[in-house]
Protein chains: 2
Amino acid sequence: MKYKAATIKDIAQALGLSTSTVSRALRDSHEISAATKQLVLDHAAQLNYHPNPIALSLKEKKSRSIGVIVSEIANSFFSQTINGIESVANEKGYTVIISQSHESFEKEVRTLQYLASRSIDGLLISVSSATKDLLPLKALHQYGFPIVFFDRIVEEIATHQVRVDNFQGAYNATTHLLQQGYKRVGCITNSAHLSITRERVAGYVAALDKAGIRLPASLVKYCFHGGMLQEEVADAVQELLQEKKRPDAIFATSDKLTTGCMRALKKAKMAIPEDMGLTGFSNSDLIELLHAPITVVRQPAFEMGQVATELLLQLIESKRPVKDFETKVLQTSLITPS
Amino acid sequence: MKYKAATIKDIAQALGLSTSTVSRALRDSHEISAATKQLVLDHAAQLNYHPNPIALSLKEKKSRSIGVIVSEIANSFFSQTINGIESVANEKGYTVIISQSHESFEKEVRTLQYLASRSIDGLLISVSSATKDLLPLKALHQYGFPIVFFDRIVEEIATHQVRVDNFQGAYNATTHLLQQGYKRVGCITNSAHLSITRERVAGYVAALDKAGIRLPASLVKYCFHGGMLQEEVADAVQELLQEKKRPDAIFATSDKLTTGCMRALKKAKMAIPEDMGLTGFSNSDLIELLHAPITVVRQPAFEMGQVATELLLQLIESKRPVKDFETKVLQTSLITPS
DNA sequence: TTTATTTACGCAATCGTTCCCGGAAAAATC
DNA sequence: GATTTTTCCGGGAACGATTGCGTAAATAAA
């Protein structure tokens, strides 16, 4: 069953006016008399008239909707980011269409095409951990399609970017572990070609360097699926535990990896922080309730969503092609258990 | 900057055909010659032509998109449900537009109007804990707008509903606490007018009854904001602790309430399960990592999303008004720490 | 050869809205 | 009283696609 919404035509007919007059009256045009305007407005209210956004989209050639692609919404960081995105977008009258890549490149590409075909006006994306081929994104971008990267950046594509100071966050976390007295800090991280992976691992290495600690590269374990598969993390932890000189602490570079490590360590009956130190990136609000009181690097997720959306809308509403792109870098904070 | 997508007109012009011929060729109509079809198809591929969904929506009077309103996506239960919704909707070619009420009635109404004005074809909703006035929803429903309720049901509106066996889930959880030896089980629950609140409290009471335990109604504390405000939960816990005959265990009826209780008990330096037993509804995947190994009632969230979406699409695609409405009841499971 | 039937395509309306253009009536100016 | 200027409104095209109807040419039947 379909319910029929009132149209401008209905109002016109009922009042014996033309559609153009009604349209103008509703938009408060100066060339419509006050009396007619009132008449139209009253009748519109009575019919509960709302302009059909689809018809508008067709005419204006824009849908006033933006797409968001994240790996998973069931992830504190991303759901918080989305809240930030929504807050800005809705205020400006934009609809947000959220899609998940589930860390799969194929799903990401499909989603990309889908969103593009649904005529969204712009895209906010944090690429999947499996994304190595940038062609689909580049194609869209070269078409002049507005894109803003957040969190997981793609440097090869020239557009606005919003991220945190991943290097510093990782540096701080690693330094924190060292200050706790740990000597051999291993690292469990995401897919190697992600920007956040490179930056965070660099921060981790820099902190070790600064402390005069040199560790084998084998202490850095990459999880291609970014923790989506629990066993991938478990394997990585196991590998660390089986290193000839076993690490005494682990730095995990993402939400899923941090909790994944905890899970794996628990399974291996390794106590945190006694048997193994652990710290990592996480925006979960349950951290303080975990069985081991770990220190985490928290990202300003909500703010990141807001900033990214503002940049995107700016891009969308710009009259001429934007050539000057910004890279906003937000700061992380180290949260220690109270 | 705008990128211009190819239209049917572009193809027609380039090939010296009419738009109708091109349209029919693309839709593989029998009244177009094979030669012309091939010509059109080739050229369409070359121009990377994709039908404009907005133009189609305008003509077909449907947008092939559905709206979802939940209180919060940063909630394991809802994000899992959304995954289920997405899986079914996308497969059927529908876009999912997610909105959050943040447990605010005003936000819910605004969102409702917004979604309705964005011409979605149907709505999946789990009402906010603050929803007492059903007029906006009823208005939409009486208009013939397809709505399916999930999780938090509104019985007064006759349509499809999907929920879990809340009574049984609550009954099992409470019974579990009693079997552990707890005698005075308090309850921290959601806003009193929510369906899930009524059903879960009823299950809780029934379990006590069955065990021959009669407790004062003051042991049931209602949180109007459903745990959105941490202090609301903290206050409720405090009130329980200050009862003249203090309870020795708490049954919490939702995700946020369960973790909220844990947080409050931790603050009050009450050990779980020694000083106070705790169990509750939760779909968080971090439960097993919490400092206290609590038993939780888990809902089949993903499945719930799938079922609800199937019902909604069925409603949307039905030729005539549907009069027979289904109420699907799924089963919960009690997860005890290993 | 004439008529009937296909085949293969074009014309134009439609969806709801905006906006350019043109024009009648009223008001202002001379 | 005649002209110019406003004021106010309607006609119709446009956005991109679909579709009922009409029709020329090609083919088949008579």
Side-chain angles (χ1 to χ4, degrees), chain A residues 2-44 47-65 93 116-121, chain B residues 2-45 47-65 93 116-121 143:
Chain A
K2 287 255 53 107
Y3 82 107
K4 175 115 173 55
T7 74
I8 248 181
K9 221 179 269 181
D10 298 330
I11 303 179
Q13 219 149 32
L15 265 47
L17 295 170
S18 76
T19 58
S20 22
T21 303
V22 174
S23 171
R24 271 183 277 248
L26 290 171
R27 319 196 104 240
D28 201 30
S29 160
H30 64 277
E31 40 181 342
I32 301 295
S33 72
T36 309
K37 270 183 196 168
Q38 199 51 52
L39 214 64
V40 170
L41 253 42
D42 286 350
H43 202 256
L47 290 184
N48 190 28
Y49 169 81
H50 288 285
N52 182 328
I54 294 189
L56 283 177
S57 293
L58 182 58
K59 228 182 151 15
E60 309 291 329
K61 289 167 159 275
K62 56 176 95 165
S63 59
R64 287 191 83 77
S65 65
S117 85
R118 292 296 300 192
S119 46
I120 52 170
D121 294 343
Chain B
K2 287 253 55 102
Y3 81 107
K4 176 117 171 51
T7 75
I8 240 179
K9 218 178 272 180
D10 298 332
I11 304 179
Q13 221 149 31
L15 265 45
L17 294 170
S18 76
T19 58
S20 27
T21 302
V22 174
S23 171
R24 273 184 272 250
L26 290 170
R27 318 196 103 239
D28 201 30
S29 160
H30 64 276
E31 41 181 340
I32 300 297
S33 71
T36 309
K37 270 183 196 168
Q38 199 51 53
L39 215 63
V40 170
L41 253 42
D42 287 351
H43 202 255
L47 291 184
N48 190 30
Y49 169 81
H50 287 284
N52 182 328
I54 293 188
L56 284 177
S57 293
L58 183 58
K59 208 162 168 30
E60 308 292 328
K61 289 169 156 276
K62 56 178 96 165
S63 60
R64 287 191 82 80
S65 65
S117 86
R118 293 297 299 192
S119 45
I120 52 171
D121 295 343
Y143 234 174

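Sequence lines set the chain letters: A, B, ... in the order given, protein chains first and strands last, and positions in each chain run from 1. Heavy atoms only: backbone and side chains are in, while hydrogens, waters and symmetry mates are out.
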| note | 5' to 3', nucleotides 9-15 of chain C under a 4.0 Å protein heavy-atom cut-off (B base, S sugar-phosphate only, - none) gives BBBB-BB
Got a sec, which residues hit side-chain contact (heavy atoms from CB on, under 4.5 Å) with [X], two or more places apart in sequence or on another chain?
| X | result |
| --- | --- |
| A/Lys59 | none |
| B/Leu15 | B/Ile11, B/Leu17, B/Leu39, B/Val40, B/His43 |
| A/Pro51 | A/Tyr49, A/Leu56 |

| said: With rounding to the nearest 0.5 angstrom, report the CG to CD distance, B/Asp121 to B/Glu60. | reply: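 So the CG of B/Asp121 and the CD of B/Glu60 are separated by 11.0 Å.
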| request: Please tell me if the side chains of A/Ile32 and A/Thr21 come closer than 4.5 Å, counting only heavy atoms from C-beta onward. | output: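 They are in side-chain contact.
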Partner set under side chain to side chain donor-acceptor pair (under 3.5 Å) for [X], not counting sequence neighbours:
| X | result |
| --- | --- |
| A/Thr36 | A/Ser33 |
| B/Ser65 | B/Ser63 |
| B/Ser20 | B/Ser18 |
| B/Arg24 | none |

| request: Starting at atom CG of B/Leu39, determine the distance to atom P of C/dA8, rounded to an integer number of angstrom. | output: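 My rounded result for the distance is 14 Å.
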| Rounded distance in Å - CD (A/Gln13) to C1' (C/dG16) |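 Result: 14 Å.
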| field | Runs of at least three consecutive pairs that involve DNA chain D, where pairs are Watson-Crick or G-U with distances under 3.5 Å | value |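 C:5-30 with D:1-26 - these are the stems of 3 or more pairs that involve DNA chain D.
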| Can you tell me how far C1' in D/dT27 sits from the matching atom in D/dT23, rounded to whole Å? |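 Going atom to atom, C1' in each nucleotide, I get 16 Å.
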| message | Could you walk me through whether A/Ser29 and A/Arg27 satisfy the side chain to side chain contact (heavy atoms under 4.5 Å, CB included) test, starting with their C-alpha distance in whole Å, then the side-chain angles of each, then the deciding distance to 0.1 Å, before giving a yes or no? | response | CA-CA 6 Å; A/Ser29 160; A/Arg27 319 196 104 240; 5.5 Å; no
| query | chain A on DNA chain D: first and last contacting nucleotide, 5' to 3', under 4.0 Å to a heavy atom? | reply |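 With heavy atoms of chain A under 4.0 Å away, the range is D/dC8 to D/dG16.
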